[in-house]
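Presented below is the structure to which this report refers.
All values reported here derive from a predicted model rather than from experimental measurement.
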Amino acid sequence: MDNLNSYLILSAVLFSIGTIGVLTRKNAIVVFMCIELMLNAVNLTFVAFSRHLGNLDGQIFVFFIMTVAAAEAAVGLAMFIAFFNNRESIDIDDANIMKW
Amino acid sequence: MDISSVFFALVAIVAVVSALLVVTCKNPINSALALVLTFFCLATFYAMLNAPFMAAIQIIVYAGAIMVLVIFTIMLLNIRVDENKKHSHQLALGSVIGIIVLMMTGLVLTRGKVSQPVGDITNELINSQGHTELIGKVMFTDFLLPFEVTSILLLVAIVGAVILAKRKLS
Amino acid sequence: MFDNVWLIPLFPLIGFLINGLLGKKIKNETIIGTIGSVAVFASFITAVMIFMNLIGLPANERSVNVKIFSWISAGNFNADIAFLIDPLSCLMMLVVTGISTVIHIYSIGYMHGEEGFYRFFAYLNLFVFSMLLLVSGNNLLLMFVGWEGVGLCSYLLIGYYFHKKSASDAGKKAFVMNRVGDFGFLLGTFTLFWWLGQTHDVWTIQFTELAKNADLFPTGGIVTIITLCFFLGATGKSAQIPLYTWLPDAMEGPTPVSALIHAATMVTAGVYMIGRMSFLFIRSPETMLTVAVVGACTALFAATIGTAQNDIKRVLAYSTVSQLGYMFLAMGVGAFTAGIFHLMTHAFFKACLFLGSGAVIHSMHHALHHVHSHDDAQDMRNMGGLKKFMPLTYLTFLTATIAIAGIPGFSGFFSKDEILWQAFANPLHGSMNTVLWAFGACAALLTAFYMFRLVFMTFHGTCRIKAGAEKHLHESPMVIVVPLLILAFFAAVGGYFGVPKLIGDLFGGIPNYLEHFLSPVFANAEAYMHAHTHHAHHSHALEWGLMGTSVVIAVVGISVAYMLYMVNPDIPKKFTSAFPVLHRAVYNKWYVDEIYDFVFVNPCKALGRLLWKGFDVLVVDGIVNGVATVVMAFGGVIRYFQTGQIYNYAWTMAFGVVVIVGYYLFK
Amino acid sequence: MSNILSVMTFLPILGVLLLLFIPKESKGVLRSVALATTLASFAVSLPLITGFQTNAEFQFVENVPWIAAGPFAMRYNIGIDGISLWLVVLTTFIMPISVLSTWTAVEEHVKEYMICMLLLETGLLGAFISLDLFLFYIFWEVMLIPMYFMIGIWGGKNRLYAAVKFFIYTMFGSMLMLVALIYLYFLGTKAGITDFSLVHFFDLKVDPSTQTWLFAAFALAFAIKVPMFPLHTWLPDAHTEAPTAGSVILAAIMLKMGTYGYIRFAMPLFPEASHQFTPFIATLAVIGIIYAALVAMVQEDVKKLVAYSSVAHLGFVMLGLFAMNEQGVTGALLQNLNHGISTGALFLIVGFIYERRHTRLITDFGGLSKQMPIFATIFMIVTLSSVALPGTNGFVGEFLILVGGFESSLRWWTIVASSGVIFAAVYMLWMFQRVMFGELDNPKNQKLLDLNAREIGLMIPLLIMVFFLGVYPNPFIKKMTPAINKIVAHTRIEPVKTAKAAVPTVEDTAPHAVPTQSVNPHASQPVAAPASH
Amino acid sequence: MDINVAQLFQTINLNVIMPEIILSVLGMALLLVNVFIPSKSKTYLVWLSLIGIVLAGFTTVTGWGSNITSFNGSVVQDNFAMFFKIIFLVAAGLAVLISDQYVEREECNYGELYPIILFTTVGMMLMASGTDLMTLFLGLELMSISLYVLAGFNRANVKSNEAGMKYFLLGAFSTGFLLYGMALVYGVTGTTRVAKIAEIVSGMPSAAGNTMLLIGMFLLLVGFLFKIAAAPFHMWTPDVYEGAPTPMTAFMSAGPKAAGFAALLRLLLVAFPALKPEWSDLLWILAVLTMTIGNFTALRQDNIKRMLAYSSIAHAGYALVGLTAANSTGTSGILFYMLSYAFMNIGAFAVIILVGKKGEPNGTVMDFAGLGRKHPLLAVTMSLFLFSLAGMPPTAGFIGKFYLFSGAIQEGYIWLAIIGVMNSAASVYYYLRVMVFMYFKPAEEEFDWVTVSAPVALSLAVSAAGTLIPGVIPSMILQYAQQAVKFF
């Protein structure tokens, strides 16, 4: 089924772009957004599969992923704020007190 | 090449370009806006996949809630432009790994064997019963427990956000 | 009576325990000395009674094993604490206890006032105990106990003046050299035990059993190996080449010790052992030849050194080495009785000589002490003309000297002459006989020379002691003189136990008591010898001729000594200045000690140090610590992968994913 | 009393509990309680000697289930036979002496110190009486802990290095043994063995190539503990740094664990492999004897010297064990005891002078005989026992070992090893000379006090044993003999049939193996011959 | 497709998730209590939580032996799940006990801490009992999000912030892979139910040849391997452990690791046993890598929390050895080990908390200098934990390792076992190092008298007992572990 494959390829592309973002960006919030991008790519895969398979489990899964993403966003952003409060920055470069 | 394919291609291009923008924009706000655009594109795909409920919550939850939160945070923290200093090795290495991931995923998808349709959900059923209802039925029967767990998850997120973000009272 | 044989070693042991444990408390020298002497004397009496009982038995039954208890038994190895009473052990017991008694008494006087007087007597008793164990043990292992025990006592007594480094060095040297010999003894025991058991299923180390099975042994081959091992043991204990160097050094010990251990008893243990194992030694012509050659060489070699020594005890020490060489020569040519005979006579005259020298030294020391001189009390160059100060000592000393020089009528003559005759006439070594005899004769010449040199330098001529000291020279107390007299008496007449048949016949058939007495012990060896060698008949004329020759030799030696040291004392000096290298070499004992140091001692130390610092510390610990260091370094390196940067962590994760996914993809 | 072994082993634990409730200030009470405990343990162990039936069976056995989960079944299975009997008694005998030896030397943390001692005793005893492989391993490891602390806390200057080295060195070896142990167990389960009981594994036929590996793993662990050349370097360090009691226990008992391990486990479990490794191990043992002697000769520290002498002595023990005949093994086991007594006493002696002078350098001494005659006498006796003078204990063991070695295929090794008797005399006497003889010229030594009553008192039992074992070792040997015969018979490869059959298989399956006895065919032939079998 | 409500409720057996319910309800209640009782001291929350935990534990234990699925197959109550629940409860209980004194000292005494710990526990429990990818995922996320919060809990502390951020970003990143893997597995099998996946995979003619399935399975593993800190997904561990508040570190090291293993075990042994040849090779390599990296790096750490972090990586490696073996010995070993690890590691962290001073919660090894003299009992306890971590008998750590390595040997992974024990021997060094400081070195400065609050004392006692007793009589626990893994 061509259609499924195009969705899958597209999601793969998006997933990879998200990965690249995580690996290259320095702003924590942007990194977080890239992770969201990855999750969305996964969502697309799920939905595409769900449609292909003819059951709704994948879509339910997407629903939960979204919820989790929301929860992560709340906690993550709060964390960034806390970090910013202490360090006046949300560059992940600056999160380097602990090493070795 | 029928019209839906063309439409798919167009939206896909928009999605990819906007995703790339997310990664490349210097200004986090721009990244965020590009991400919102990507979300919209995905919502479009969900609709095309005959999953209107997913498309709706994609926009409501992601574009509406999460991205607003993100943008709010960016504004709150008053972050303007990303770093001036370049980290070429970081960029290079990250890109290389990302591209490898891409190629591999492609390979996986093309080599893999997807299961034959197993469920009884067809376009007709969705059209007749309604997507939301179908989703609801499955969610509150088969996946009741996960659904309930999400409530605690969100509670934790709330409490956590409160603890983490609260300023010290001094 | 025989069952009480254990009393013989027990008495000295008790003496040792009393003196050793309580001596410090007792303090009173007389009591200590009496305990020590009585203990040994009690042994002597017991030994005499045993002897009486033994000669009461028929000759072929004079071999009694007395088992006390089983000592070690593991598998087919069995060693008992058990004693063997036969003519040889009985004779040895008599000699040992007898001479010991005399020397103990002497020591009471000689050691008077020494610090650790009790210690001395304890050690001396312990020595007698060990020696008795050595000579009366009925198996190799018990003999070895005594063997090592006497070595220990020798060590302790040589190092008696332990605060003197030279003394403790000498003690250690004696012990270690003995150990080298013991190593041989052990190997011999092992080989013997193993071979006999393995090939003939006779698992024993008991002498009588071994002798009974003597015919199982082949000629040469394994027996040569076994006996050579034992002989190595003998060279260590009896100070033969190459292990003789400890004995002259052993003179660091008090003089009674030199007399008892390093002249009369312990050093003859090797001879005794060969006698005990004669049935085995005789079965290896190679070993017999080795024994004879080593004995002959030692006799001559030590004699040469003896000519150039100035220390009175050292001269006697080299003389002892030389005389021991004689005994080995005798053993080597199969004249076992002669060897034991010489052992006995030597015990008398050499003990007498040592004790006499002790009396001299004692006196000298006393005199020098009075004038606060640091001159060496043992150096003959400081003596001279002592005859008039200590006549009795002189007399006894002279008797013993005559005996050792081989003047007819004195004990040494009989035994030495017997050895020389046997060396010449015994068919065992064929053409080597003449050479052996020649060596022996030369040694005899030198013996006569240096012994009389000693007498002349010490007792004759002018008194060279530091001015003012001579008035302090005086005869020793009776407790010292009486033992001298006893020993001198035996030195004079001891030879009549073993008068050669030739002379015996001349005087109306005086029997050779000793030969008769010992013959059961050596019967096996004799029989073998007779069976395996062509017994050439030598004429009586030849025997008389050789006897005459040896007398002449002795006289020549004495005359030369008289010429050089009495008539014209300048000649030795001229001689030394004419041949400085030779003299220095002889004076320094042919540099044998130095060679040993160079070849064995120093390399061992260097090797030890090398192995320790080089191998242990550098290599083994180096590897151990090196591994630790490498691991730590590795840890130190990989911890720097942990950069603290989130994107690095993310890369690593992604990289891991990529590698693993790649692996599954392209597998 | 059927559980006499348990009582003996765990009595010290009781003592520990008691000690916990005693305030640490009352040092005298602490010491007394510890001493009383060890003495009680000794007293409990005495009936073992009298009650021991002279046969090859394990006696005083207690065997109850302990762990049963999954494929494993471990049992609390303890008992002794002639091999372990004397080691057990040696342990209980040495412990009170060790406790007494540091009566005054240890002033700090007395409580902890005594607790360590008591724990150590339990560990040691437990290892000797375990008949369950797993139980053995537990005790084997447990004993490291208190010893580690003893070295580390109460040790000398370089104690840190020594303690850690000791611990990790030993741990390293025993870890591989653990792997082998588990592997062996699973081999056993395939053959129907259902628990870790040692006796079950004796009859397990392991194929030779597997044996090679298993034996190697066991042997490594034990070799480190023995210690065999070249794995001995932890020992001098540990000994030098440990407090007196630590050294005594280490030398007298803990090292025995290695040799005991060989005879109890490695050899009977893997007879073919033992034969295969014999030349290799014998070579190391002999190298150890000579090497350690040479190195000991040039040591500057008395304790280090004694430590190296231990290496040499245990080389003899190893040689005796691998002679694999009755004399050799008897000698080795006897030498185990002897070494425990002699070297234990030597370390005590070193402790005495260290306590007085706080130095162990040989050059700091000299002429002590004059100042300390009693000490000198005792020292001399112990030294002589250490150089195996006949009449002392050392001789009997060493002699039997050499006899056994000579009768076995290890003849040439034994000849070389015999030269060790010379070296032993050299280094021991030289050390004795330098410490005790000569002028008393160091002013610090001139005020030394001779041994006090306590010190003499704790040496006397050892001295008695020195002579008793030297003069009348047969009672000891007799109790051992049946067990030794059994093990020797078990370990021996049957003369005619398997000797021929085994050699090719060994070579086929294990080409990497060290030279087998085929190297020395004429030597191995007679060994198997004795008609007694 | 009508819903028969009665039928629906028949599939729901609330007993199955009773412990989760108890903890959740208690958590919510505590949130409210915390709001309405304005007490400065929050110790009462500790005891309340503890009551709940004990109650939950009790309900768990009573179900022992049952095997009930509920919620239409998305969750199960079996011995395996229950054993792990006990582990989580132990970890949670101990974490709760040691928190109070710490947060008070560090002035971050927010009452929300305890509910979050309880919610984390709920998440972990779902990971152990979930039989649906969604349940597993949500359990994982519930646990993770709570842990992110806990890591960054001391919000005024820079290190805590940093730890939280690192954990969050990397955790979310790994979630991405996890989800992608789930998606692929879903695509290949058409279901998210573990049992069904197993059925389909084992029915596939060439499951090993289906790259998508393989990769899906592997990416699925990544998410859990991340949680158990297996190399190369371990990088976050040292930083997060170091930065997080110490009680949270303790909790994090014991609970989530166990939860990760619970999920891994269920997935690998229930869902993908057919692919064992594929994943066992991978785990072999990962186990070696994990052990080696963890141990070798730990050798060079001065910071004690960081050292224990590396050590916890190493311990994950040991447990992976058991997972590689995948037989009952190895898996029961994992169960036993995780329980023991909870006791010994949290115990060790408890001592670290006591030794640490206010404001400098990151003690170095040197801070322990002289502890043996000043606080012998504390030092002995610490030594016990360290010996157990090092795998010395007679502690639980030894028995655990014994079973893990035995499992590997039983399956023929001799070299893996050898590498394992060698690592174990190397690890002794750094554990000993702490003891070296405690006992062999004098304190550099005057040592303050350590105050030990009642909860901490209790936790120490429990940990010590839990470390020592199973070491002496292990079958007490091992037999339950055996029963728990029987169904694999």
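- No part of E:Leu142 comes within reach of chain A, as not one of its non-hydrogen atoms sits under 4.5 angstrom from that chain.
- Both the backbone and the side chain of A:Phe83 come within less than 4.5 Å of a heavy atom in chain E.
- Looking at A:Leu44, neither its backbone nor its side chain comes within 4.5 Å of chain E, counting heavy atoms on both sides.
- More than 12 non-hydrogen atoms from other residues, nucleotides or ligands lie less than 6.0 angstrom from NZ of A:Lys99.
- Residue contact with chain A, scored on non-hydrogen atoms closer than 4.5 Å, involves the backbone and the side chain of E:Leu169 alike.
- The candidate with the highest count of non-hydrogen atom pairs below 4.5 Å against chain E, out of A:Val22, A:Asn43, A:Ile92, is A:Val22.
- Ring centers of E:Phe137 and A:Phe64: at least 6.0 Å apart, outside the cut-off.
- A:Arg25 forms no cation-pi arrangement with A:Phe32, by the criterion of a distance under 6.0 Å to the ring centre and an angle within 45° of the ring axis.
- For A:Ala48, no part lies under 4.5 angstrom from a heavy atom of chain E.
- Chain A forms more heavy-atom pairs under 4.5 Å with one residue of E:Val240, E:Leu138, E:Thr297 than with any other, namely E:Leu138.
- Inter-residue side-chain proximity for E:Tyr310 and E:Ile293 is flagged as unmet; no heavy-atom pair is nearer than 4.5 Å.
- Options E:Ser144, E:Gly164, E:Gly152 differ in how many heavy-atom pairs under 4.5 Å they form with chain A, and the most are formed by E:Gly164.
- For A:Phe46 and E:Tyr186, the ring centers are positioned less than 6.0 Å apart.
- Heavy atoms closer than 4.5 Å to chain A are found nowhere in E:Ala151, neither backbone nor side chain.
- Looking at A:Val42, A:Val62, A:Leu56 one by one, the single match for side-chain contact (heavy atoms from CB on, under 4.5 Å) with A:Val47 turns out to be A:Val62.
- The part of A:Leu39 that comes within reach of chain E is its side chain, from C-beta onward, which places non-hydrogen atoms under 4.5 angstrom from that chain.
- Note: E:Phe173 and E:Phe177 meet the aromatic proximity criterion, with ring centroids under 6.0 Å apart.
- Note on ring orientation: taking the six-membered ring where Trp is involved, the planes of E:Tyr148 and E:Phe168 are perpendicular (angle over 60°, cut-offs 30° and 60°).
- In this structure the side chain of A:Leu14 never reaches within 4.5 angstrom of the side chain of A:Asn40, judged on heavy atoms.
- Proximity to chain A (any heavy atom under 4.5 Å) is shown, for E:Arg193, by neither the backbone nor the side chain.
- Considering only heavy-atom pairs separated by less than 4.5 Å from chain E, the leading option among A:Gly54, A:Ala78, A:Ala71, A:Ser50 is A:Ser50.
- Among A:Cys34, A:Ala69, A:Gly58, the residue with the largest count of heavy-atom pairs under 4.5 Å with chain E is A:Gly58.
- Residue A:Thr67 does not touch chain E at all, counting heavy-atom pairs closer than 4.5 Å.
- Contact annotation for E:Met235: neither backbone nor side-chain heavy atoms come within less than 4.5 Å of a heavy atom of chain A.
- Scanning all heavy atoms of the two residues, the minimum distance from E:Thr246 to E:Lys305 falls at OG1-NZ, 3.2 Å.
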